[in-house]
A.B. asks: 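Have a look at this one.
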Amino acid sequence: MPENGRGSGAPEGAHVPDSFESFARASQTRLYRTAYLLCGDADTARDLTQTTLAKMFQHWRRASAADHLDAYARTVLTRTYLAERRRRLRDLLAHARPDPRPAPENADLRVTLLSALAGLPPRARAMVVLRYWEDQSVESVAELLRCSESTVKSQCSRSLARLRSELGEAHIYATGS
């Protein structure tokens, strides 16, 4: 049996490090390059390299008995990378919505209307939305916004006039003509 106590696991003339530390120092850069080529991100490559070295340390007795230690390390690296990708994909699929919402029938009108509403001052926009979208009474809108009923009426009137001028011929989209 050889002096390192490993048996005949290493081929004649192959350099097998005596300790995990020497293996890690010698192969860290090479593993990092491979990890970077796999994932394309420096931080992820560093994490992948460290995870690979941790796994190699955990199973050093078995790993050091391998015929080709570098090939063994590349296999661990690649399998770790693939397992993390599968886990990430599984997590994404688990948190994804099962059914995407159908597109609204009048998507163009909706986008145009939202754009026009965004041009109104916040308070006037709130009044229009509450009064016409939420179908609130003038009294309830005045109470919610802490203003007089006449303020709600005048602001809504001005805001609607502004929306009509901005939208122009947008009503064509609603009829499909």
Side-chain angles (χ1 to χ4, degrees), residues 24 27-59 71 73-177:
S27 63
Q28 183 174 0
T29 304
R30 188 173 45 254
L31 288 171
Y32 172 78
R33 279 190 223 130
T34 303
Y36 184 80
L37 290 173
L38 285 172
C39 63
D41 177 45
D43 292 331
T44 307
R46 275 191 288 278
D47 291 344
L48 189 56
T49 303
Q50 290 303 315
T51 302
T52 300
L53 289 173
K55 287 181 178 184
M56 294 288 292
F57 177 75
Q58 186 177 7
H59 302 286
R74 275 193 308 275
T75 301
V76 171
L77 176 80
T78 305
R79 289 182 180 171
T80 302
Y81 166 72
L82 292 173
E84 287 180 6
R85 295 289 296 185
R86 278 191 300 271
R87 187 178 316 118
R88 205 173 299 149
L89 179 61
R90 190 174 44 241
D91 289 346
L92 285 174
L93 292 175
H95 298 296
R97 285 187 176 166
D99 299 322
R101 288 191 280 174
E105 292 179 24
N106 298 323
D108 291 338
L109 179 61
R110 185 175 299 237
V111 170
T112 304
L113 182 59
L114 288 174
S115 175
L117 276 173
L120 294 176
R123 189 170 169 95
R125 182 178 181 170
M127 287 181 190
V128 168
V129 169
L130 290 171
R131 180 76 178 98
Y132 299 105
W133 183 260
E134 295 291 327
D135 201 26
Q136 298 277 330
S137 67
V138 172
E139 295 82 22
S140 62
V141 173
E143 187 178 320
L144 279 169
L145 297 177
R146 296 183 182 152
C147 62
S148 68
E149 292 178 19
S150 60
T151 301
V152 172
K153 290 178 188 177
S154 65
Q155 285 293 314
C156 284
S157 176
R158 287 186 201 127
S159 297
L160 287 177
R162 184 172 173 182
L163 288 173
R164 283 187 195 104
S165 69
E166 285 184 25
L167 291 175
E169 298 295 319
H171 66 280
I172 296 173
Y173 294 112
T175 60
S177 304

A.B. asks: For the CG atom of Leu31 and the CD atom of Gln50, what is their distance to the nearest 0.5 Å?
C.D. replies: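 Leu31 CG to Gln50 CD: 10.0 Å, rounded to 0.5 Å.
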A.B. asks: For a 4.5 angstrom cut-off between non-hydrogen side-chain atoms, does Ser154 reach Arg158?
C.D. replies: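 Yes, their side chains come closer than 4.5 Å.
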A.B. asks: Any salt bridge between Arg162 and Glu166, counting N to O under 4.0 Å?
C.D. replies: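 Salt bridge present between Arg162 and Glu166.
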A.B. asks: CZ of Arg123 to SG of Cys147: how many Å apart, nearest 0.5 Å?
C.D. replies: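 The SG atom of Cys147 is 4.5 Å from CZ of Arg123, to the nearest 0.5 Å.
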A.B. asks: Verify, without hydrogens or angle tests, whether Ser148 (side chain) and Thr151 (backbone) share a donor-acceptor contact under 3.5 angstrom.
C.D. replies: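 Looks like yes, one N/O pair under 3.5 Å.
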A.B. asks: To the nearest 0.5 Å, what is the distance between CD (Gln58) and OG1 (Thr51)?
C.D. replies: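 The CD atom of Gln58 sits 11.5 Å away from the OG1 atom of Thr51.
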A.B. asks: Could you tell me the separation between the CG atom of Asp47 and the SG atom of Cys39, rounded to the nearest 0.5 Å?
C.D. replies: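 Rounded to the nearest 0.5 Å, the CG-SG separation comes out at 9.0 Å.
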A.B. asks: Say whether, by atom type as modelled, one donor and one acceptor occur between the side chain of Ser157 and the main chain of Lys153 under 3.5 angstrom.
C.D. replies: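 A pair under 3.5 Å: no.
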A.B. asks: Does CD belonging to Glu143 count more than 12 external heavy atoms closer than 6.0 Å?
C.D. replies: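 Count not over threshold, so no.
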A.B. asks: Got more than 12 heavy atoms from elsewhere within 6.0 Å of OH, Tyr132?
C.D. replies: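 Counting other residues, nucleotides and ligands, OH of Tyr132 exceeds 12 neighbours.
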A.B. asks: Distance-only, no hydrogens or angles: does the Tyr81 side chain make a donor-acceptor pair with backbone N or O of Ala35 under 3.5 Å?
C.D. replies: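 No, the answer is negative, given that no donor and acceptor are paired below the 3.5 Å cut-off.
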A.B. asks: Distance from Leu130 atom CG to Leu145 atom CG, nearest 0.5 Å?
C.D. replies: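 Answer for the CG-CG pair, Leu130 versus Leu145, is 6.0 Å.
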A.B. asks: For a side-chain hydrogen bond (donor to acceptor under 3.5 Å, both in side chains) check, start with the C-alpha distance between Gln136 and Ser140, then their side-chain angles and the critical distance, and finish with the verdict.
C.D. replies: CA-CA 6 Å; Gln136 298 277 330; Ser140 62; 2.9 Å; yes
A.B. asks: Checking Glu149 against Val152 for the side chain to side chain contact (heavy atoms under 4.5 Å, CB included) test, could you report, in this order, the C-alpha distance in whole Å, the side-chain angles of both residues, the deciding distance, and whether it holds?
C.D. replies: CA-CA 5 Å; Glu149 292 178 19; Val152 172; 5.6 Å; no
A.B. asks: Give, for atom OG1 of Thr44 and atom OH of Tyr36, the distance between the pair rounded to the nearest 0.5 Å.
C.D. replies: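 With rounding to 0.5 Å, OG1 (Thr44) is 10.0 Å from OH (Tyr36).
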A.B. asks: Any side-chain donor-acceptor pair under 3.5 Å between Thr75 and Thr78?
C.D. replies: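 No - no donor-acceptor pair under 3.5 Å links their side chains.
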